Every structure is written in C-alpha cells, then in structure tokens.
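Notes follow the structure.
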2 protein chains.
Amino acid sequence: MAGMPVTHGLYDAFLAVARSGSFTSAARALGYTQSAVSRQVRSLEEEWGAELFERRPRGVRLTEAGRALLPHAEAVRDRLAAARAELTALRTLDGGLLRLGAFSSATAALVPRAQAAFRRRHPGVAVTRVEGPSVKHLGLVAAGEEDLAVVSPAVDVPPPPGVTLHHLLDEPMLVALERGHPSAGRRDVRLAELSGEEWIVGNERLEDTLFRPAVAAGFRPRTGLLAHDWIAKLGAVAAGLGVTLVPALAAASVRPDVALVTIHPEDVPHRRICAAAPGAPTAAATAFLGLLRETARELRAWGP
Amino acid sequence: MAGMPVTHGLYDAFLAVARSGSFTSAARALGYTQSAVSRQVRSLEEEWGAELFERRPRGVRLTEAGRALLPHAEAVRDRLAAARAELTALRTLDGGLLRLGAFSSATAALVPRAQAAFRRRHPGVAVTRVEGPSVKHLGLVAAGEEDLAVVSPAVDVPPPPGVTLHHLLDEPMLVALERGHPSAGRRDVRLAELSGEEWIVGNERLEDTLFRPAVAAGFRPRTGLLAHDWIAKLGAVAAGLGVTLVPALAAASVRPDVALVTIHPEDVPHRRICAAAPGAPTAAATAFLGLLRETARELRAWGP
DNA sequence: GCTAGACATTCGCTTGTCGCATGAGTGGGC
DNA sequence: GCCCACTCATGCGACAAGCGAATGTCTAGC
C-alpha cells in the first residue's frame, strides 16, 4: 500500500496496451519504443501492487487486476478530456459563467444593452447579474465572488486592492419636475433656481450624496420627503409634491408625466461610472468590459 | 493544445493548494517545500494552458479556469481511490468475481462442497459457475474467460498452452445395477462378469470412453440403449432394462432403488479429475484450488 | 531444431524534480 | 511614513526517472 500512483501518462500506455493486446503495437500507437512501454507498465504494476497484464508468447492479456483497473483508467481519461474541453470552452468563450454585478440605475440601460450584445456574440456563456450598492460590488469583485461589476465609486475612496476601475462614462444628473412646473421644458437649469422646491431625497445627510458641492456652496433645500424607491419618488413628483434627482441613464425609463431637465454640472457633478474588474479578469469579463465601453460610447450622445 | 496533461501527482498539489489557499501550507501538508509546489502548479498551468491560481500577497485564489478544473481533479482523485480500494479487495479476497467451470458430474459433490467452504471464508467474492464438457472449459481457461475449472482431461491430450493442471483425485467408476441383481451387494466386481448385461451408454463408440481398455481386451457388451441424461440412465437401470456406469462422485446423488458396485480399475480405469488454472491464476482461483484439494482429500475416503 | 515474434533487461544520455537559498512584491504594525 | 513579516518566484546543484538503442530470453509453430 505504498501510496497513490504518482503519474498518469502511464495510464495512456495502460489503455493502449489493453486495447491492442501488445506492448509493441501500443508503443507504435503512442510513438514510444517497446522498451518504454514495458517499463511504464512495470512501473504501474509496482504502484498498484499487482500484475496488470499476463505476458504470453504472442502478446499480453489483462489479468483480473487489469480488468478491474480498466474502467477506472478509462473514466479518468474521459474526465480529463472533459476538463480539457471545458477549459477550452472557457478560453474561447463558448462556455462558462460570467458573474456580473451592477448598481441599480446602471441596470436601466447600460448593462442590459451590453448584456444583449454579449449574448448575441457568446451565447454559450451563462450570465448572472446581481444588483446592489457599488460598495458591495467592489467587495465582491475583490473577494473573487463577482467577475465584473458596474459601479459608481466615490471619487476620493480608492478601490480595494486587487480591483482595477475602468472608466466608462460620466453621467449627468437630471431633475424630475411636475409637468406643469415653470422650469419644465428648459434645456438645463441651475440648482439655485430650485432651492425653494421641496426635494425628495433618499438620504437625509445631503453632504453624503451628489449634493455635496451644492451644500458646501450654501444650498439648503427642504427635504421633507424621504424615498428610496424610484416609483415612489417619481410618483411624488408627478403628484406635484416636489422634485427629485434622476440619473441620466435612467431617463428613458421615467414615467411620461414628469419632465426631466439637466442640471449644470457645477451644481450637481456628473456621476462617475466605472467597471470594476479583478486583477486577473476572466476572458468573459474582458469581453464584456469591451462591450460596456462600446455601449457607454453610444449612450454618451447626451452631453454637450 | 499541446496534448493531455502528462502527470497527475500534480493534481494532489493542485487540490491541496485549492483547499488551503496557499502554496506554503499546501507544501507543508504534502511534505514538500514551497518551491516544489510552486513549480508543480506552474507545470500544471502550462499543461492546461491557463492560470489556475491568482497570486495574491496573502496567498492564492482559484481563477475561473481553476474553479472549472477543481471538480474534475476531485473526480479523478476519487476515481483512483475507488480503483485502489477495488484492487485491494481483489487481493484480500474481499471482493471480485471468480468465474468457475466444471464438468457435469463434478458438480454433484466436489465443486459444491468446495464452493460452500469458499463462500464461508470469502463471502465478498462473487462466484459464477458454468457446467460443460471438460474440453470446453480447458479452452475457456486458456482464453482467459474462466478463472478455474474442474475437468476430467483425457490422459494423452496435453492441456492447451497457458493452462496448468492440478491433480485432485482419481475417481473410481461404479456400475449401477437393479436392486435385485445377483451382483448387487458385492464389494466390487470384474467387468467380465457383466459382459452379458445390456449396457446403457452415452456414446456408441465405446473406444472413445472409459471402456477403451476393456474394449481392447475384447469386451463387447450389448449397447442397445443410448442415454445422455442421468435421470434417464438410472431410470432404465431401476426398471431392470440394463446396467450403466456411474462415476463415484455422483454416487451419493443416485436414486436409492439402484445398487452401486465398484468396478476393478484394470477393467474401467479411474477417471483423473484435475483443476485447470491459467498461467497467472487470480487470488480467488488460488484460494478455491486449495479448497478443492481439501474437499478431494475428504472424498477420497472411498477407495482402498 | 530452428526461426520469428514478443516481452525483459542493460547501458548511456537527456530531462525532470527536488531542496536550499535568495529575490521580489504587498499589507499590516509601530 | 518606514519597516517587517509573509507570500510566491527563481537560480543553482544534485539526484532520480524516463527515454532510445541494442541485446537477452522465452515460446509457438514450421
């Protein structure tokens, strides 16, 4: 019981000999000499502690131990072939899995478009997508539990080690107004003009949001309505209860009875949108990143 | 696509690293140095054409390719462990299959007794038994399709190459007589005393049977009744239609209303009964051969 | 009895693998 | 902000394993 056999190229020799019934012809098939095959088989026999072939004057024949080993050796060979096929599929993007993450409003247009293009080109690759806050996705990518994520990282917080950010686009922020609002229909608007409005926000601490520069400049809006949900926010806007910020990427999916007006980037800065990739991105992640860039370029057609 | 990976002790290293998440600790677990594991993993990565681990400052982590390979490597390891267990069971007679052959009348007492003893000692070994003429079994053993056979080979015909005969016993021949026959009840009888009887035989050409020496000496019995089946032969004897030869091993299974009397071995020679084993008998066959010898010794209690 | 064919063995060389020691890079502690 | 501890990678020398070529050994068949 010396231990597990150590090599397995030997199993190719074993299988070839078992198939052909002869060391000599197996050697020919493998491109070896007969002496090499003889020693390989002997080596296997020593490792397994049993004769695998019965030597006969006109060739060899499997012993009982050889017959017992044969299906296992075949299974091992087949399993390794399957592994090879799977790794090849991974490399050629004919298979595998892409674990995607994205923050919420990126899933309105940017990610779905890229995902559709990806599926057209690589239908064999399965894609899973998880929504969530950017910080969470950065952690998941760093931990190797996501292959790629679309995030909107804070400018002053460096990405976790092992994660590289790829800038995709800077997303303008829009303000959603009741359709009858005096500013509705304008091309853009300064924040000061809206300081008298009731602002519907998702976070009471405005200095933690994109409003930070505006707050520093003295902007102190009324923030009586808190809502995290888009449906709720826009419902309130449509009902004339107030105004709210909408990221440009989500503009297309806003209900038609609210008006959207661009805010000057000095007041509410453009939101930086990046792809977060691990240090060693998978082939699928790299391909998807390319499609994300492409989609971002198309979407960038909104700016001046 | 250089070809199949060549070695597989490497897979132990791969699995150990995958489990521990570190080359160093995997090396400790395997009894290797860290550099050895590092190079083993590198070798695997070159064979598979993909990085399997992502090197990080505090250890390593599986890449996508590594994650894909992991279940295959585990399956290979498990399959080899199963093979090892099976070969061990074969060697220790805790498993496996013994393919047995025997000529018809050996299955009356000799083989079943040995088989029962074998099953008591090695209940894990499955035994299959096929009846048939001795020549057929000799061929099957030579062809490796039977592991052991009990045969009654012709004295002047050598066994096929690769088959060795192990003498078990010389079986006397008895004659079955109607219970009321004048010779019934005698200890033994000379064939000449029965030359007037009607002989029930299985083969019209007596010179091809055990009668050969008797025929050479002028024995010319009446052979009006041909029967191959024991039931038929003994039925005819019981009905007083004639007499027939019965091998001693079958004596115990003869119907009680016929008498059995030993024939002098000069008239009808003892039948040689042997075990036929291949050149490299299996462990089970060797064990069974020992039990056959033992059983034969017990059964030999009939002769002088 | 001899020959042909198959496996085993010996020899010398190449290749691979190991341990040891060292280098390079990163994250945490002071 | 610097240093240290910990990780993996690599160069080096020694040893073992595996190879091809040639030779030996055995058996079936003529």
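These numbers were taken from a predicted model, which means no experiment stands behind them. Protein chains get the first letters and strands the later ones, always in sequence-line order, with residue 1 at the start of each.
Within the 4.0 angstrom heavy-atom criterion, only backbone atoms of the sugar-phosphate kind lie near B:Gly31; the bases stay farther away. Heavy atoms of B:Ser35 sit under 4.0 angstrom from at least one base atom. No engagement by A:Gly162 is indicated, since no non-hydrogen atom pair under 4.0 Å with the nucleic acid exists.
Note that CZ of A:Phe288 is 6.5 Å distant from CG of A:Leu98, once rounded to the nearest 0.5 Å. Atom CD of B:Glu64 is separated from atom CG of A:Leu87 by 9.5 Å, given to the nearest 0.5 angstrom. A:Glu74 contributes atom CD, which lies 9.0 Å from atom CZ of B:Arg79 (distance to the nearest 0.5 angstrom).
Rounded to an integer number of Å, the gap from CD of B:Gln40 to C1' of D:dA9 is 15 Å. Atom CG in A:Leu30 sits about 14 Å away from atom C1' in D:dC19, given to the nearest Å. When rounded to the nearest whole Å, the span between CG of B:Asp12 and P of C:dC18 equals 12 Å. The CZ atom of A:Arg42 sits 15 Å away from the P atom of D:dC19 (whole-angstrom rounding). A straight line from CZ of A:Arg28 to P of D:dC19 spans 18 Å, rounded to a whole angstrom. B:Tyr32 has its OH atom 13 Å from the C1' atom of C:dG16, to the nearest Å. As a whole-Å value, the separation of B:Glu47 CD from C:dG16 C1' is 12 Å. Straight-line distance from the CZ atom of B:Phe23 to the P atom of C:dC18: 13 Å, rounded to whole Å.
Ring geometry, A:Phe53 versus A:Phe14: the interplanar angle falls from 30° to 60°, so the pair is classed tilted. Taking the six-membered ring where tryptophan is involved, the planes of B:Tyr11 and B:Trp48 are perpendicular, since the angle between them exceeds 60° and thus also 30°.
Of the candidate nucleotides D:dG20, C:dG19, C:dC7, C:dC7 has the atom lying nearest to any side-chain atom of A:Thr24.
Applying the side-chain hydrogen bond (donor to acceptor under 3.5 Å, both in side chains) test between A:Ser105 and each of A:Glu131, A:Glu171, A:Arg271 identifies A:Arg271 as the sole match.
Between the side chains of A:Arg39 and A:Ser35, at least one donor N or O sits under 3.5 Å from an acceptor N or O.
Within residues 134-148 of chain B, no residue is approached by DNA chain D to less than 4.0 Å at the level of any non-hydrogen atom. Taking a 4.0 Å limit (strictly below) on heavy-atom distances, residues 51-66 of chain B reaches DNA chain C at B:Pro57, B:Arg58.
A pairwise comparison of heavy atoms in B:Glu146 and B:Val130 identifies OE2-CB, 4.1 Å as the closest pair.
Here B:Ser38 reaches the OP1 or OP2 of D:dA9: one of its side-chain N or O atoms lies under 4.0 Å away.
A distance-only check finds a donor-acceptor pair linking the side chain of A:His137 to the backbone of A:Ala102 [under 3.5 Å].
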Practice item. Start with the C-alpha distance between A:Arg67 and B:Leu97, add both sets of side-chain angles, then the distance that settles side-chain contact (heavy atoms from CB on, under 4.5 Å), and finish with yes or no. Key: CA-CA 11 Å; A:Arg67 282 195 301 274; B:Leu97 170 67; over 6 Å; no

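Comparing B:Ser22 and B:Arg39, the nucleotide of DNA chain D nearest to each residue sits closer to the 5' end for B:Ser22.
One N or O donor and one acceptor, one from the side chain of A:Gln34 and one from the base of C:dA8, sit under 3.5 Å apart.
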